[in-house]
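Within every chain, numbering begins at 1; the chains are lettered A, B, ... in the order of the sequence lines, protein sequences first and strands thereafter.
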Amino acid sequence: MFLLYITNTQFIILILKSGKILLMNQILTERIESLLLLSEKYQPRKEIESKYPSRNLPADAIVTRSAPSPTGFMHIGTVYMCLLNQFFARQTGGVYMLRIEDTDKKRELSDGISQIVDALNQFGLVPDEGLKSDGTNYGNYGPYLQSQRKAYYLSYAVDLLRSGRAYPCFATKEQLDENYKKQQTAKVRPGYYGEWALWRNKTDEEVVVALDANTPFVLRFRSEGSHDKRVLIDDVLKGKLELPQNDLDVPLIKADGSQLPTYHLAHVVDDYLMKTNIILRGDEWLPSTPLHIELAEALKIEPFRYAHFAAISVIDKNGGGKRKLSKRKDPEADVKYWTAAGYPIEGIKAYLLGLANSNFEDWYRANPDKPLEQFELSLNKLAASRSPLLDMPKFEDYCKDFIASLDQKEFNKRVIESSKLNEPDFYECIKSDEEYTNNVLSIERSGNKPRKDMSKWSESLQLYGYFYDDIYLKEFAPKISDELADFAPEVINEVVKNFNDSYNPNDDQQTWFNKVKEAAEKSGFATDNKAFKANPELFKGNVADYAKILRVKLTGKNRTPDLYTMMSVMGANRVKSRIK
RNA sequence: GGUCCCAUCGUCUAACGGUUAGGACACUAGAUUCUCAAUCUAGCAAUACGAGUUCGAUUCUCGUUGGGAUCACCA
């Protein structure tokens with residue numbers, strides 16, 4: 001790539017691949033180094049790398065990592081990525097790491113790390129190596145918090161500086177903006193490259209002047225690529241791609257006082273040291289992959305295997321177009337939106353697995369009792385083409401299926417847990433009579449065709465609250481008159497009277513229903529549905545309408561389980577106190 | 001604007017170059033001697049457009065159109 005001569009003076013002569021000759025004053029280089037290494041000690045590459053031995057793993061084991069930044073709430077897309085990483089690592093006997101990319105101190109949130117770690121715990125996606133909620137590291141390839149790895153990045157950066165592949169840039173924000181505007185008017189590609197790279201070819205004298213004035217600088221990569229040449233990428237998911245080479249002199253070390261690296265340097269250094277096997281990441285990174293390839297090359301690092309996958313999208317409610325699920329615009333981007341609503345974690349995971357591999361659906365149906373972890377996720381089938389749209393009805397369907405499939409004990413437990421957190425009054429009622437509660441929660445859940453009307457735990461109150469008198473009176477009884485607005489008061493009174501006259505809580509279901517039919521007929525309702533359909537004007541309604549009056553009186557709702565079952569569970573006193 | 005990616009029912013997707021273009025969710029209708037849910041049955045519904053290669057194209061090629069990503073001292 002270049003030849004290096006150390007002359008008997010203080011100059012280093014660099015002959016670049018492009019044929020350009022660079023003269024660099026060694027004293028100047030050392031001065032820049034010392035500014036970079038302000039608070040850290042330079043570590044020779046060999047010293048660093050001896051701390052990261054090769055992993056003793058099977059040949060086809062996949063080592064993955066998720067690398068979120070602690071700058072906001074936990075994104076559902078991050079959960080998706082962690083899920084994929086965990087599956088591929090686990091299936092191959094590999095390792096799944098969590099690395100926190102806290103290199104942007106301006107945007108960092110104080111609880112950023114715990115938000116990420118807690119969410120992963122909640123989802124059963126605890127990494128094999130990484131950080132705990134309190135920020136402590138575990139695993140032998142750490143630290144896993146990038147700000148604790150500063151000395152490494154700086155050492156590699158200094159290596160690049162010494163080899164002529166990095167240089168300081170003192171340009172101000174204003175100068176860069178002006179550069180950008182000039183590029184716009186000249187209608188050329190924007191960016192810091194070639195002749196537009198303001199400090200790429202400055203003389204030593206100019207650099208010295210800037211340093212003497214204590215001007216802060218970013219350390220930039222000196223790219224040797226050409227936009228006209230191509231680089232081949234064999235993406236694990238997208239296949240063979242041809243992109244223009246990188247020619248941008250991107251920042252490697254920031255000038256914001258933190259001395260921290262940008263993503264680009266951090267990614268290459270970390271994934272090299274941590275022995276990441278497959279860089280599974282969002283396809284927004286695809287355009288900068290040539291840069292990462294060049295950076296790795298400059299650092300004499302074997303190229304990585306990349307797997308770029310598409311992010312989850314939503315339909316923009318304002319524009320109507322499809323776009324990436326965004327932190328700022330979409331509440332459902334935040335995992336808390338899902339968990340706070342009480343969607344079951346398993347339902348969320350199942351839905352996400354279905355997005356990743358469409359054959360998951362069939363497997364899930366065929367193996368209802370197996371844990372999700374037994375599904376063999378396929379890298380080949382991972383949707384690589386475009387970003388799937390978040391389909392809430394389908395997602396809720398997964399959740400309904402899952403909740404319906406829970407055994408009674410587990411179902412009760414989760415309803416109780418959720419109400420304890422969110423509905424204290426309801427929780428009090430539930431706890432006041434556990435036997436009654438168990439009967440209530442068991443309604444229409446047994447057999448092979450259980451009810452499937454609950455997609456999230458927050459629906460517990462609406463679905464079961466009216467079984468408890470306090471809640472019934474407060475929340476449900478007030479709705480009765482609205483629900484029964486179609487019926488005249490005297491009709492309702494007659495229905496109530498006729499029902500009570502014949503109601504015997506000891507009747508079995510058939511007897512009970514026969515009596516209901518008799519009472520309906522007596523009240524002027526049709527029991528023969530065909531007759532009713534033929535001449536609806538002859539009746540006040542059919543049995544369904546008759547039942548609706550009883551149902552609404554009893555529950556304040558017109559969507560409930562079977563009447564007879566509810567009455568049996570509620571008991572005669574409760575029934576009589578409501579149907580009157 | 002440059003660059004790259006992508007294009008099958010409303011949505012997620014399946015289909016060695018030969019299928020009646022399949023499934024799931026959603027939707028509609030019917031059945032289930034009480035509502036809703038569940039369940040069952042039926043139905044609606046797609047290869048963006050235009051060329052080319054081929055006996056034959058959803059599949060391969062080119063173009064058009066449309067969508068997405070990216071072009072920060074953010075990751």
**Q** Can the positive tip of Lys479(A) be found less than 6.0 Å from the middle of the six-membered ring of Phe476(A), inside 45° of the ring normal?
**A** yes

**Q** U33(B) C1' sits how many Å from Phe513(A) CZ, rounded?
**A** 6 Å

**Q** Which part of the nucleic acid, if any, lies within contact of Lys452(A), taking any heavy atom under 4.0 Å across all strands shown: a base, the sugar-phosphate backbone alone, or nothing?
**A** sugar-phosphate

**Q** 5'-most contact on RNA chain B: Lys187(A) or Pro216(A), nearest heavy atom basis?
**A** Lys187(A)

**Q** Report the distance from atom CD of Glu444(A) to atom P of A37(B), rounded to the nearest whole Å.
**A** 12 Å

**Q** Base, sugar-phosphate or nothing for Ala544(A)? Non-hydrogen atoms, less than 4.0 Å.
**A** sugar-phosphate

**Q** Using only heavy-atom distances, decide whether a donor-acceptor pair under 3.5 angstrom links the side-chain of Asp562(A) to the base of C34(B).
**A** yes

**Q** Any base atoms under 4.0 Å from Arg230(A), or only sugar-phosphate, or nothing? Heavy atoms, all strands.
**A** sugar-phosphate

**Q** Nearest whole angstrom, please: distance from the C1' of A75(B) to the CG of Leu98(A).
**A** 14 Å

**Q** Base, sugar-phosphate, or nothing: which does Pro68(A) touch, judged by heavy atoms less than 4.0 Å apart?
**A** nothing

**Q** May I ask you to say what Glu108(A) touches in the nucleic acid, namely base, sugar-phosphate or nothing, with a heavy-atom cut-off under 4.0 Å?
**A** nothing

**Q** Pick base, sugar-phosphate or nothing for Ser288(A), based on heavy-atom distances below 4.0 Å to the nucleic acid.
**A** nothing

**Q** Can you tell me which residue among His227(A), Arg189(A), Lys229(A) is in a side chain to side chain donor-acceptor pair (under 3.5 Å) with Asp247(A)?
**A** Arg189(A)

**Q** For atom P, what is the distance between C5(B) and U61(B), given to the nearest Å?
**A** 12 Å

**Q** Taking atom P in both U11(B) and C27(B), what distance in whole Å separates the two?
**A** 16 Å

**Q** Rounded to whole angstrom, note down the C1' distance from C62(B) over to C71(B).
**A** 28 Å

**Q** Using the P atoms only, state how far G30(B) lies from A37(B), rounded to an integer number of Å.
**A** 13 Å

**Q** Select base, sugar-phosphate, or nothing to describe what Glu396(A) touches, counting heavy atoms under 4.0 Å on all strands.
**A** nothing

**Q** Got a salt bridge between Asp104(A) and Arg107(A), using NZ or NE/NH1/NH2 to carboxylate O under 4.0 Å?
**A** yes

**Q** With sugar-phosphate meaning primed atoms plus P, OP1 and OP2, does Ala171(A) contact a base, only sugar-phosphate, or nothing at under 4.0 Å between heavy atoms?
**A** base

**Q** As a test of understanding, state which of Tyr192(A), Tyr193(A), Tyr167(A) forms a side chain to side chain donor-acceptor pair (under 3.5 Å) with Asp249(A).
**A** Tyr167(A)

**Q** For Pro244(A), report the nucleic acid contact type (base, sugar-phosphate, nothing); a contact means any heavy atom under 4.0 Å.
**A** sugar-phosphate

**Q** Check the distance between C36(B)'s P and Asp453(A)'s CG and give it to me in whole angstrom.
**A** 13 Å

**Q** Whole angstroms only, please: what is the CH2-P distance between Trp196(A) and G2(B)?
**A** 17 Å

**Q** Mind checking whether Phe375(A) and Phe360(A) have parallel, tilted or perpendicular rings, split at 30° and 60°?
**A** perpendicular

**Q** Taking only the C1' atom of each, what is the distance from U70(B) to A29(B) in whole angstrom?
**A** 48 Å

**Q** Please report the shortest heavy-atom distance between Asp102(A) and Leu260(A), naming the atom on each side.
**A** O-CD1, 4.0 Å

**Q** Between the base of C36(B) and the side chain of Arg451(A), is there any donor-acceptor pair under 3.5 Å?
**A** yes

**Q** Take atom P in G52(B) and the same atom in U20(B), then report the distance between them in whole Å.
**A** 26 Å

**Q** Give a yes or no on whether a donor-acceptor pair under 3.5 Å exists between the nucleobase atoms of C34(B), that is its base, and the side chain of Arg551(A).
**A** yes

**Q** State plainly whether the residues Lys349(A) and Glu346(A) are in salt-bridge range, i.e. N to O under 4.0 Å.
**A** no

**Q** What are the atom names and distances for every N/O pair under 3.5 Å that joins the protein to nucleotides 23-28 of chain B?
**A**
from   : atom 1 : to        : atom 2 : distance (Å)
A24(B) : O4'    : Glu361(A) : OE1    : 3.1
A24(B) : O2'    : Glu361(A) : OE1    : 3.1
A24(B) : N3     : Lys394(A) : NZ     : 2.9
C25(B) : O2'    : Lys394(A) : N      : 3.2

**Q** Using only side-chain N and O atoms of Lys173(A), determine if any of them is under 4.0 Å from OP1 or OP2 of C73(B).
**A** no

**Q** When you check the gap from the basic side-chain N to the acidic O, do Glu518(A) and Lys515(A) get nearer than 4.0 Å?
**A** no

**Q** Taking the P atom in each of U59(B) and A45(B), what is the distance between them to the nearest angstrom?
**A** 23 Å

**Q** Can you check the distance between U53(B) and C60(B), where both ends of the measurement are the C1' atom (answer in whole Å)?
**A** 8 Å

**Q** Sequence neighbours excluded, which residues qualify as side-chain contact (heavy atoms from CB on, under 4.5 Å) partners of Glu178(A)?
**A** Lys182(A)

**Q** Rounded off to whole Å, could you give me the CG-to-P distance for the Leu241(A) and C6(B) pair?
**A** 7 Å

